[in-house]
Each structure stands twice: as C-alpha cells, then as structure tokens.
Amino acid sequence: MTMKFAFFADLSDFLQSQYGVSVPEIPVELCPPQFTGDITVNCFPLAKALRRNPMELAAALCAQLASHSDIEAVSAVKAFVNITLRPAALMRDTVADRDALLAAVALPAVERRRVLIEFSAPNTNKPQHLGHVRNNTVGMATASILERAGHDVVRVNLVNDRGIHICKSMLAYQRFGAGVTPASSGKKGDHLVGDFYVAYDKELRKQLAALRLDKPALADKTDEELFLETEIGMAAQEMLRAWEQNDPAVRALWETMNQWVFDGFAVTYRRMGVEFERTYLESQTYMLGKDIIRDGLERGVFKKRDDGAVIIEFDDPSLGTKVVLRSDGTSVYVTQDIGTTMLKQNDFQPDQQIWVVGDEQIRHFKVLFAILKALGYSWADQLTHMAYGMVNLPSGKMKSREGTVVDADELFDEMETLARDATVEKAGDDLPENLDERARVISMAALKFMLLKVNPKTTIMFDPQASIKFEGDTGPYVLYAYARICSMLRKAAAASDVTAGALDWALLKEPAERMLALRCALYPELLQKAARDLDSSALAGYLLDLAKDFSGFYRNCPVLNADDASLRTTRLALSETVRVILADGLRALTINTLESM
RNA sequence: GUACCUGUAGCUCAGUUGGAUAGAGCGUCUGGCUACGGACCAGAAGGUCGGGGGUUCGAACCCCUCCAGGUACGCCA
C-alpha cells in the first residue's frame with residue numbers, strides 16, 4: 001500500500017531497535033467497518049518477516065503506538081492493530097497536500113517505459129459490433145491508464161483490409177449493387193459494405209444447397225470443403241487472385257469500397273473517442289516476414305520439411321511444430337505477425353508491445369512470441385498478449401450469420417435515446433440547452449464503464465434489457481457525484497456574501513470525512529495497480545468506491561450549510577480533491593465528465 | 001484426446017505476495033428530502049465460495065482429484 005503516514009517512521013525505528021530488523025514498508029490497510037479504527041496494521045506478514053509471534057507483536061505495536069502524538073486510539077484484536085488517528089494527522093497524511101497526492105500517481109522516472117499497444121483490428125467487410133466495442137474501449141482505457149502512470153504510449157491499429165472475405169463483399173456488390181453508394185443510399189459506408197457481405201453469404205448458401213441436391217456424393221462435405229465447388233466461391237477466389245496481381249478494375253473497386261468502410265469506422269471511432277498514432281493496413285504488411293523466415297532458416301532456427309514447408313519445432317512439447325512458410329513459399333498468419341511485430345519495433349522502438357486481442361488467440365500469441373524468442377530478439381520477452389473475453393448475449397454467442405450481433409452504432413443510438421429520456425424526465429420543466437451532449441456523455445459513460453468495471457479477461461454477459469442502467473454501480477453514478485461537487489463549487493463561488501473561513505483540517509472528524517480522505521489517499525496505488533496489471537476494473541472499482549464514499553459524506557456532512565465558516569471551507573476543499581480525482585480517474589478510463597447532468 | 005480459461009447471493013460481477021465475521025450493484029422487502037441535486041442515502045433478507053481430499057496457526061485464493069461450461073489445438077485469418 002502506498003499510503004504513507006508520519007507515524008511509520010517512529011514505528012520503523014521501534015521495530016529496528018526492538019527486533020533489530022528494518023522494515024521498509026509498513027503494511028497498512030483500511031480498517032474494516034466492523035472494527036473501530038481508520039487503518040489497520042496486519043501483523044501476520046510483519047511477524048513472519050521479524051520471526052515473532054503475531055499476537056505478541058500486535059500487542060507490542062499497540063503499546064508503542066498508544067502514546068504517539070498522531071494517534072487518538074489504538075487497539076490490538078488478535079494480530080491486527082487498529083489505529084484511530086487524530087483528525088489533523090489523518091488529514092495531513094492523506095488529502096491536505098492535493099498536489100502531492102496527484103503527483104504520486106505517476107511512477108518514478110526509472111520505471112517508465114515506451115509501450116506500443118495495438119487494438120481494434122477490424123475487418124473492412126462489415127461494421128463493428130459489441131465485441132469491437134469492448135476491444136476499443138479496453139484498448140483505449142489501457143493505453144490511457146498506462147499514460148497516466150507515466151509511460152510513453154503509442155496506440156496503433158492494424159486493419160485487415162484484404163483477403164477472401166473482403167473479396168466476398170466486393171463480388172456481391174458487383175453482382176447485386178447496381179451502383180449504389182453511401183451517398184445515394186444514405187447509408188453509413190461500413191453498413192452498406194456489410195450488407196453486401198451478408199448478400200454474398202446468402203447467395204453462397206443457396207449455391208451450396210443446390211450443389212448438395214445436385215451431387216448427393218458431396219452432401220456430407222462441409223461448407224468449407226465445398227466452397228470452391230460453388231460458382232460464387234470460385235469467383236471470389238478468382239477475384240482475390242486478380243487483386244494480388246494488381247488487376248486495375250478489382251483494385252479500383254477495392255479502394256472505393258474500403259474507403260466507404262474507413263469513413264464509416266471514422267464515425268464510430270469518433271463517437272467512442274478512439275484515436276491512433278498509426279494505422280497499419282494489412283494490404284501493405286501481409287508480405288512482410290518472409291525475409292526473417294529465410295534468415296532464420298539459414299541460421300537453423302527453422303527447418304525445411306520434406307514437403308517443402310518451412311517449420312519450427314519447439315522444445316516445449318505443448319507447442320509442438322508450427323509451419324511458418326507454406327510449401328509453395330507463401331506466408332501464413334504467424335509469418336505476417338512476425339513481420340508486423342518487427343515493423344512496429346522498428347517504427348517506434350518500444351520497450352514493450354501489447355496486443356489487445358480476444359482470448360481465443362492465446363495459443364497463436366504463445367507461438368508468435370516463442371518464434372521471436374527463438375530468433376533471438378532481445379525484446380521478445382517484453383511482448384504481451386492482453387487477452388480479453390468474449391461478449392455473450394442471454395441467447396448465447398453473437399453470430400453475424402444468425403443476425404444476433406449487437407451493432408456498435410445502433411447500440412450507441414439506443415443508449416443515447418435512453419440517456420436523453422432519463423435526462424428529460426429528471427430535468428422537469430427546464431430542459432438543459434446541451435441535452436444532446438449530456439445524452440452522448442452519459443450514454444457513453446454507461447457503456448464504457450459497464451465494459452471497464454469487469455476484469456478484461458472475464459467473459460461478459462450483455463443483456464440489452466438489464467445492462468443499460470444509469471443507477472447503482474454505473475458510469476452515470478460516478479458522473480453524478482462529480483456533477484454534484486461541481487454544483488457545490490459553483491454555488492460557493494457565486495456566494496460572495498458568505499465570508500470564507502480559514503482552512504482547518506482538524507475540523508474534519510466525522511467518520512464519513514475520514515473515510516473519504518483515506519479513500520482519496522488510495523488513488524495513486526489503485527491507478528498504478530491498474531497500470532501494472534493491465535486491469536481497468538481496479539480503477540473503475542476504485543472510482544465507484546470513491547463516489548460512494550462521497551455520497552455518504554454529502555449526505556451526512558453539510559458543506560455549504562455547515563455551521564462554521566472554517567468547516568465549510570475545509571469541506572469544500574475535501575470535495576474539490578474528490579472532484580479532481582474523479583476527473584483524473586475517469587479521464588484515465590477515457591470517460592468524459594459533465595458539470596451538470 | 002491434449003492444453004488453457006471459467007465456476008462466489010435469484011441475476012451481473014468484486015475479492016493476490018494465503019489473514020479478522022466472504023463484499024458490491026441489480027432485483028425483493030422496509031425506511032429517509034421545509035439540508036448544499038433523490039441518477040441519492042440508511043436498513044433487512046439472501047452464501048456448504050461447483051463437489052471431495054490435502055498443505056497451513058489460518059484457504060474463495062496454493063496442491064491433487066472429480067463434475068459442469070467455454071476456448072484453442074490448420075500449409076485459415
């Protein structure tokens with residue numbers, strides 16, 4: 001725990017003199033509510049380090065601390081020493097120095113690194129869905145958290161803009177498109193292209209059914225096996241070949257349709273606040289990696305198998321053997337990834353690369369990292385696959401074929417409508433001028449917070465009916481606490497007739513005030529934990545706790561209506577600290593705030 | 001078949017160098033604004049932490065085993 005209390009120094013001296021062992025960190029935690037105290041020293045781990053009996057150690061610490069000038073009361077319960085601090089000392093060591101508290105959020109310079117994080121990675125054959133929304137949200141928040149912790153962060157996207165699936169929507173457009181464009185149809189480009197991808201699939205299904213009827217001998221084969229037996233399958237394959245040979249007509253159509261999709265993605269990204277320093281296109285990187293394979297073959301990292309394929313045999317039996325170059329000399333998926341990893345390394349020289357990619361690719365990244373390590377790159381130990389879980393619906397997995405995907409743009413629209421309705425309902429007679437902005441901010445806060453408050457690796461159950469909430473453990477709850485503080489500060493600034501009292505932290509004695517101050521002091525630790533563990537949920541959970549503690553304080557401790565001018569001033573200062581931390585933490589989650597809602 | 005992930009309250013989820021009586025939100029039930037914003041607050045009910053065994057002063061957490069669900073094991077991406 002990074003909370004530092006002045007009495008630690010005296011405690012440390014006592015332990016040194018008494019037991020002859022220096023204890024660099026005093027393990028202190030928040031005192032559970034069922035016990036009396038602000039903070040607790042757990043003597044079990046301490047006793048282990050000192051080789052002492054935990055209960056006796058607790059009793060000794062208790063006796064020692066009882067006379068300390070910062071401490072009001074202390075009691076030992078079993079091996080736990082519960083400490084109640086004097087108000088002035090508690091506040092002095094937690095919130096009195098706001099700048100120091102916020103400065104403690106960033107890691108010391110020696111621990112800062114340059115981190116390259118890749119996320120989103122959409123395909124240009126269809127619009128983005130809820131799964132992408134989770135990826136984008138987690139990617140942006142993780143990048144932002146790392147940045148707040150002091151790291152130098154580079155965000156990159158790798159767009160999958162080529163391949164057979166892209167040709168499918170192109171082919172369907174050629175056949176059924178009749179020259180329609182986003183402008184002529186009024187449809188967002190990525191949605192328009194997605195429609196043709198669906199149209200292709202429909203036609204393929206039709207042809208597959210006809211084929212099976214026609215040739216019963218083929219009926220047992222899978223769709224995949226029969227793909228090239230169908231006319232439209234063959235045509236897509238042919239188009240891919242033409243694309244690879246730079247056929248001008250195919251390339252022109254590809255350029256046009258991809259641009260439609262990029263335009264559509266830009267809108268989706270803007271709504272989410274997603275930005276990249278660099279967007280790589282697979283069409284420009286998919287040929288990379290072969291040189292590295294050839295070089296590795298010469299150095300004996302890889303072998304040529306009898307059938308001509310280039311392979312790597314891992315020492316780790318669980319990884320087995322992996323083909324890295326086909327017998328016809330072309331690349332496989334992992335070959336391209338080797339190439340793009342090198343490219344990113346050369347372009348930005350990061351100390352660490354992070355991929356935000358679904359957990360179904362855990363094995364792929366294990367293999368990729370093992371290959372790069374076998375190739376001897378010094379940075380190969382600093383590669384991280386941030387595997388996040390799927391988003392499932394109550395009806396099961398999202399399947400585009402069955403039309404059960406939750407479309408990103410539609411989801412944003414629906415949530416915005418709900419947020420607007422809720423805002424209108426609460427506003428009563430006087431509608432705010434910035435109703436649209438409020439609806440946008442509140443709905444996006446609700447969605448992002450819902451995705452960020454759970455551990456990224458957890459599989460999420462998204463129930464459209466139940467998941468869209470603005471009450472309880474939600475983004476809007478945190479925004480609401482923020483808005484209430486802003487409201488108080490506005491009123492305080494406007495109330496010129498009220499004389500300002502002197503700041504006096506010793507006046508804050510209420511349990512809710514103490515709790516709130518201690519919570520504030522925990523912020524640096526929690527943000528650093530979120531950064532270290534690549535876990536936004538640690539930060540989101542903390543912000544919820546902070547907002548809850550503030551709500552309790554707000555309820556129990558009058559601020560503007562405090563009896564005493566000094567008390568009013570000091571409570572306002574505490575509220576301002578909470579506001580600043582909420583703003584800082586929400587920004588690290590890429591969630592915008594509102595001064596009124 | 002093999003490997004990895006998951007299993008905690010009716011539901012959705014927290015819970016790490018193993019530490020006090022396992023927490024929160026939603027839902028249900030009961031209260032609370034002539035106090036600064038009720039998107040709020042206070043309280044109640046709700047648990048053999050998937051089952052069993054082991055290690056330990058102490059296990060939701062570590063080990064073994066079984067059960068249930070998911071994912072991955074391509075010269076697809």
Side-chain angles (χ1 to χ4, degrees), chain A residues 27 29 31-32 34-35 40 42-45 48 53-55 77-80 82 121 123 160 162-165 224 282 286 305 307-311 317-320 322-337 358-364 366-367 387 389-390 392 394 397 419 422-423 425-426 442 446 450 453-455 457-463 466-467 469-481 483-488 491-492 495 529 533 537-538 540-541 544-545 547-548 551-552 554-562 568 571-572 575 596-597:
Chain A
E29 49 205 68
C31 185
Q34 63 267 31
F35 298 98
T40 297
N42 180 348
C43 290
F44 280 110
K48 194 165 276 181
N53 178 302
M55 315 293 171
V77 181
K78 294 191 237 179
F80 296 89
N82 298 326
N123 296 321
N160 187 328
R162 63 161 285 281
I164 190 76
H165 53 300
E224 216 170 308
E282 202 187 291
Y286 79 106
R305 210 161 54 184
D307 59 7
V310 179
I311 60 163
S318 75
L319 293 179
K322 175 71 189 170
V323 170
V324 292
L325 220 49
R326 294 194 189 96
S327 43
D328 66 1
T330 56
S331 297
V332 295
Y333 180 36
V334 77
T335 319
Q336 298 174 31
D337 261 6
D359 58 11
E360 73 275 7
Q361 293 203 35
I362 286 174
R363 188 189 169 81
H364 167 74
K366 251 189 190 161
V367 168
M390 301 282 100
N392 289 336
K397 294 182 65 175
T423 306
E425 189 187 328
K426 286 165 208 301
I442 292 168
M450 181 201 76
K453 76 173 180 183
V454 308
N455 190 300
K457 70 181 182 194
T458 315
T459 301
I460 291 184
M461 172 70 74
F462 180 83
D463 183 344
S467 296
K469 284 259 157 52
F470 302 139
E471 288 151 23
D473 277 358
T474 63
Y477 176 86
V478 181
L479 288 191
Y480 186 65
R484 291 214 287 201
I485 298 172
C486 291
S487 173
M488 281 196 310
K491 286 188 174 158
K529 176 179 163 55
D533 300 345
S537 67
L544 273 176
D545 286 340
K548 279 182 208 175
S551 294
Y554 184 85
R555 175 71 189 168
N556 291 310
C557 305
V559 178
L560 299 178
N561 301 327
R568 179 175 182 274
R571 282 181 174 166
L572 263 178
S575 302
S596 306
M597 61 185 281

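The structure displayed is predicted, hence computed values, not measured ones. Each chain gets a letter, A, B and so on, in the order its sequence line appears, and its residues count up from 1.
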Participant: Applying side-chain contact (heavy atoms from CB on, under 4.5 Å) between A:L325 and each of A:T335, A:T330, A:V334, report the one that passes.
Facilitator: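 So the option named by the test is A:T335.
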
Participant: Rounded off to whole Å, could you give me the CG-to-P distance for the A:L544 and B:rA24 pair?
Facilitator: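 Distance, rounded to whole Å: 13 Å.
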
Participant: Checking all strands, does A:M488 fall into the base, sugar-phosphate, or nothing category for heavy-atom contacts under 4.0 angstrom?
Facilitator: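 If one applies the 4.0 Å heavy-atom cut-off, A:M488 turns out to touch a base.
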
Participant: Could you tell me the separation between the NZ atom of A:K548 and the P atom of B:rC26, rounded to a whole number of Å?
Facilitator: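 Answer to the nearest Å: 9 Å.
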
Participant: Between the base of B:rA35 and the side chain of A:N556, is there any donor-acceptor pair under 3.5 Å?
Facilitator: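 Side chain to base: no pair present.
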
Participant: Tell me the interatomic distance from A:K322, atom NZ, to B:rA3, atom P, rounded to whole angstroms.
Facilitator: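 That distance rounds to 20 Å.
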
Participant: Measure from the side chain of A:P45, starting at C-beta and using heavy atoms only, and say which of B:rG32, B:rU17, B:rA39 lies closest.
Facilitator: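 Looking only at heavy atoms from C-beta outward on A:P45, the closest nucleotide is B:rU17.
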
Participant: Report which part of the nucleic acid A:D533 touches: base, sugar-phosphate, or nothing (heavy-atom distance under 4.0 Å, all strands).
Facilitator: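 Here A:D533 touches no strand at all.
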
Participant: Find the partner of B:rC57: check Watson-Crick (N1-N3 plus N6-O4 or O6-N4) and G-U wobble (N1-O2, O6-N3) distances, both under 3.5 Å, and reply none if neither fits.
Facilitator: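 Its partner is B:rG19.
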
Participant: Could you tell me whether A:D463 contacts a base, only the sugar-phosphate backbone, or nothing, with contacts defined as non-hydrogen atoms closer than 4.0 Å?
Facilitator: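 The residue A:D463 makes no contact with any strand.
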
Participant: When we call it a touch if two heavy atoms are under 4.0 Å apart, what does A:T458 touch: a base, just sugar-phosphate, or nothing?
Facilitator: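 Answer is sugar-phosphate: A:T458 comes under 4.0 Å of backbone atoms only.
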
Participant: Please confirm whether any donor atom in the side chain of A:T423 sits under 3.5 Å from an acceptor in the base of B:rA39, or the reverse.
Facilitator: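 Answer yes: a donor N or O sits under 3.5 Å from an acceptor.
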
Participant: Report yes or no: is the ring centroid of A:F44 under 5.5 Å from the six-membered base ring centroid of B:rG19, with the two planes under 30 degrees?
Facilitator: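 Stack criterion met.
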
Participant: Could you check how far CG of A:D545 sits from C1' of B:rA24, rounded to whole Å?
Facilitator: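 Rounded to whole Å, this separation is 8 Å.
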
Participant: Does the side-chain ring of A:Y477 sit on the six-membered ring of the B:rA39 base, less than 5.5 Å centre to centre and under 30° in tilt?
Facilitator: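 Answer is no, no stack.
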
Participant: Taking the side chain of A:V77 as heavy atoms from C-beta outward, which of B:rA72, B:rA20, B:rC36 is closest to it?
Facilitator: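 So the nucleotide nearest the side chain must be B:rA20.
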
Participant: For atom C1', what is the distance between B:rG7 and B:rA60, given to the nearest Å?
Facilitator: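 Nearest-Å result for B:rG7 against B:rA60 at atom C1': 11 Å.
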
Participant: If you assign A:K469 and A:K426 each to the RNA chain B nucleotide with the nearest heavy atom, which residue ends up on the more 5' nucleotide?
Facilitator: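 By nearest-heavy-atom nucleotide position, the 5'-most residue is A:K469.
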
Participant: Would you classify A:A483 as touching base, sugar-phosphate or nothing, given that sugar-phosphate means primed atoms plus P, OP1 and OP2, and contacts are heavy atoms under 4.0 Å?
Facilitator: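 A:A483: base contact, heavy atoms under 4.0 Å.
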
Participant: Need one value for A:N82: base, sugar-phosphate or nothing, where a base atom within 4.0 Å counts as base even if backbone is also close, heavy atoms only.
Facilitator: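 Here A:N82 touches the bases of the nucleic acid.
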
Participant: With the side chain of A:V454 defined as its heavy atoms from C-beta on, choose the nearest nucleotide among B:rU6, B:rU71, B:rC13.
Facilitator: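 The closest nucleotide is B:rC13.
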
Participant: Does any N or O donor sit under 3.5 Å from an N or O acceptor when you compare the side chain of A:S487 with the base of B:rG37?
Facilitator: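 Such a pair is found, so the answer is yes.
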
Participant: When you get a sec, tell me which of B:rA39, B:rA77, B:rA20 is the closest nucleotide to the side chain of A:Y333?
Facilitator: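 Given the options B:rA39, B:rA77, B:rA20, the side chain of A:Y333 is closest to B:rA77.
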
Participant: Taking for each residue the nucleotide of RNA chain B bearing the nearest heavy atom, is the 5' side occupied by A:F35 or by A:K366?
Facilitator: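 Counting from the 5' end, the first nearest nucleotide belongs to A:K366.
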
Participant: When you compare the side chains of A:Y477 and A:S551, does any donor N or O come within less than 3.5 Å of an acceptor on the partner?
Facilitator: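 Side chains of A:Y477 and A:S551: pair found under 3.5 Å.
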
Participant: Taking atom P in both B:rC5 and B:rC64, compute the distance separating them and give it to the nearest angstrom.
Facilitator: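 Per the computed distance, 12 Å lies between those P atoms.
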
Participant: Taking the same atom, C1', in B:rA20 and in B:rG27, what whole-Å distance lies between them?
Facilitator: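 My reading of the C1' atoms in B:rA20 and B:rG27 gives 31 Å.
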
Participant: Using atom NE2 of A:H364 as one end and atom P of B:rA3 as the other, report the distance to the nearest whole Å.
Facilitator: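 Taking atom P of B:rA3 as the reference, NE2 of A:H364 is at 23 Å.
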
Participant: Taking only the side-chain heavy atoms of A:E471 (C-beta and beyond), determine which of B:rU71, B:rA39, B:rC36 contains the nearest atom.
Facilitator: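 Comparing B:rU71, B:rA39, B:rC36 against the side chain of A:E471, the answer is B:rA39.
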
Participant: Once you apply a heavy-atom cut-off of 4.0 Å, does A:R363 come out as touching a base, just sugar-phosphate, or nothing?
Facilitator: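 If one applies the 4.0 Å heavy-atom cut-off, A:R363 turns out to touch the sugar-phosphate alone, with no base involved.
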
Participant: Identify which nucleotide among B:rA14, B:rG19, B:rA77 has an atom closest to any side-chain atom of A:Q336, counting heavy atoms from C-beta outward.
Facilitator: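 Comparing B:rA14, B:rG19, B:rA77 against the side chain of A:Q336, the answer is B:rA77.
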
Participant: Starting at atom NZ of A:K48, determine the distance to atom P of B:rG58, rounded to an integer number of angstrom.
Facilitator: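 Going from NZ in A:K48 over to P in B:rG58 covers 12 Å.
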
Participant: Report the distance from atom CZ of A:R484 to atom P of B:rA39, rounded to the nearest whole Å.
Facilitator: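 Going from CZ in A:R484 over to P in B:rA39 covers 8 Å.
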
Participant: Can you tell me how far apart NE2 (A:H165) and CG (A:N123) are? Round to the nearest 0.5 Å.
Facilitator: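 Going from NE2 on A:H165 over to CG on A:N123, the span is 4.0 Å.
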
Participant: Using a cut-off of 4.0 Å on non-hydrogen atoms, how would the nucleic acid contact of A:V559 be classed: base, sugar-phosphate, or nothing?
Facilitator: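 Touches a base.
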
Participant: Determine the minimum heavy-atom distance between A:K491 and A:L560, stating which atoms define it.
Facilitator: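 That closest heavy-atom pairing would be CB-CD1, 3.8 Å.
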
Participant: Between B:rA20, B:rA39, B:rU6, which one does the side chain of A:F470 approach most closely?
Facilitator: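 Within the option list, the nearest is B:rA39.
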
Participant: Rounding to the closest angstrom, what is the interatomic distance between B:rC49 and B:rA24 at atom C1'?
Facilitator: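 Straight-line distance between the two C1' atoms is 16 Å.
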
Participant: Heavy atoms under 4.0 Å, any strand shown: does A:C43 hit a base, just sugar-phosphate, or nothing?
Facilitator: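 Touches nothing.
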
Participant: Ignoring backbone atoms, establish whether A:K491 has a side-chain N or O less than 4.0 Å from OP1 or OP2 of B:rG37.
Facilitator: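 Result: yes.
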
Participant: Stacking between A:F80 and B:rA20, defined as ring centres under 5.5 angstrom apart with planes under 30°, is that present or not?
Facilitator: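 Stacked: centres under 5.5 Å apart, planes under 30°.
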
Participant: Test your reading of the model: is there a side-chain donor-acceptor pair from A:R326 to the backbone of A:S331, 3.5 Å cut-off?
Facilitator: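 Yes, the answer is positive, given that a donor and an acceptor are paired below the 3.5 Å cut-off.
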
Participant: Contact class for A:K453 vs. all strands (heavy atom < 4.0 Å): base, sugar-phosphate, or nothing?
Facilitator: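 Nothing, no heavy atom under 4.0 Å.
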
Participant: Taking the side chain of A:R326 as its heavy atoms from C-beta onward, which of B:rC41, B:rG19, B:rC76 lies nearest to it?
Facilitator: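 Closest nucleotide to the A:R326 side chain: B:rC76.
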
Participant: Does the side chain of A:P558 come within less than 4.5 Å of A:R571's, by heavy atoms?
Facilitator: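 Yes, their side chains come closer than 4.5 Å.
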
Participant: For B:rG50 and B:rG38, measure between their C1' atoms and round to the nearest Å.
Facilitator: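 That atom pair is separated by 41 Å.
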
Participant: Give A:I460 one of three labels, base, sugar-phosphate or nothing, depending on what nucleic acid heavy atoms sit under 4.0 Å from its own.
Facilitator: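 Touches sugar-phosphate only.
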
Participant: Roughly how far apart are A:K453 NZ and A:I460 CD1, rounded to 0.5 Å?
Facilitator: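 One finds 9.5 Å between NZ of A:K453 and CD1 of A:I460.
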
Participant: Suppose you measure atom P in B:rU12 against the same atom in B:rC4; what distance do you get, rounded to whole Å?
Facilitator: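 Straight-line distance between the two P atoms is 27 Å.
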
Participant: Would you call the rings of A:F44 and A:F80 parallel, tilted or perpendicular if under 30° counts as parallel and over 60° as perpendicular?
Facilitator: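 A:F44 and A:F80: perpendicular rings.
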
Participant: At under 4.0 Å between heavy atoms, what does A:M390 touch on the DNA or RNA strands: base, sugar-phosphate, or nothing?
Facilitator: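 Since no nucleic acid heavy atom lies under 4.0 Å of A:M390, the category is nothing.
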
Participant: Could you give the distance separating B:rU71 and B:rU8 at their C1' atoms, to the nearest angstrom?
Facilitator: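 Their C1' atoms lie roughly 22 Å apart.
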
Participant: What's the gap between B:rG51 and B:rA22 when it is taken at their P atoms, as a whole Å value?
Facilitator: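 Here B:rG51 and B:rA22 have their P atoms 16 Å from each other.
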
Participant: Nearest to the side chain of A:Y554, heavy atoms from C-beta on, is which of B:rA39, B:rA20, B:rG38?
Facilitator: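 Of all the options, the side chain of A:Y554 is nearest to B:rG38.
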
Participant: Pick base, sugar-phosphate or nothing for A:R305, based on heavy-atom distances below 4.0 Å to the nucleic acid.
Facilitator: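 Base, at least one base atom sits under 4.0 Å.
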
Participant: Around atom NZ of A:K457, are there more than 12 heavy atoms from other residues, nucleotides or ligands closer than 6.0 Å?
Facilitator: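 No - once you tally the heavy atoms of other residues, nucleotides and ligands closer than 6.0 Å, there are 12 at most.
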
Participant: Please check if atom CD in A:E224 has more than 12 non-hydrogen atoms from other residues, nucleotides or ligands closer than 6.0 Å.
Facilitator: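 No, because the 6.0 Å sphere around CD of A:E224 holds 12 heavy atoms or fewer from other groups.
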
Participant: What integer distance in Å separates A:R162:CZ from B:rA77:P?
Facilitator: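 Rounded to the whole Å, the gap is 8 Å.
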
Participant: Mark yes or no for a side-chain to base donor-acceptor pair under 3.5 Å between A:E224 and B:rG74, with no hydrogen or angle criteria applied.
Facilitator: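 A donor-acceptor contact between them is present.
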
Participant: Is it the case that the base of B:rA39 and the side chain of A:T474 share a donor-acceptor contact (distance under 3.5 Å, atom types as modelled)?
Facilitator: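 By the distance-only test, no, there is no pair.
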
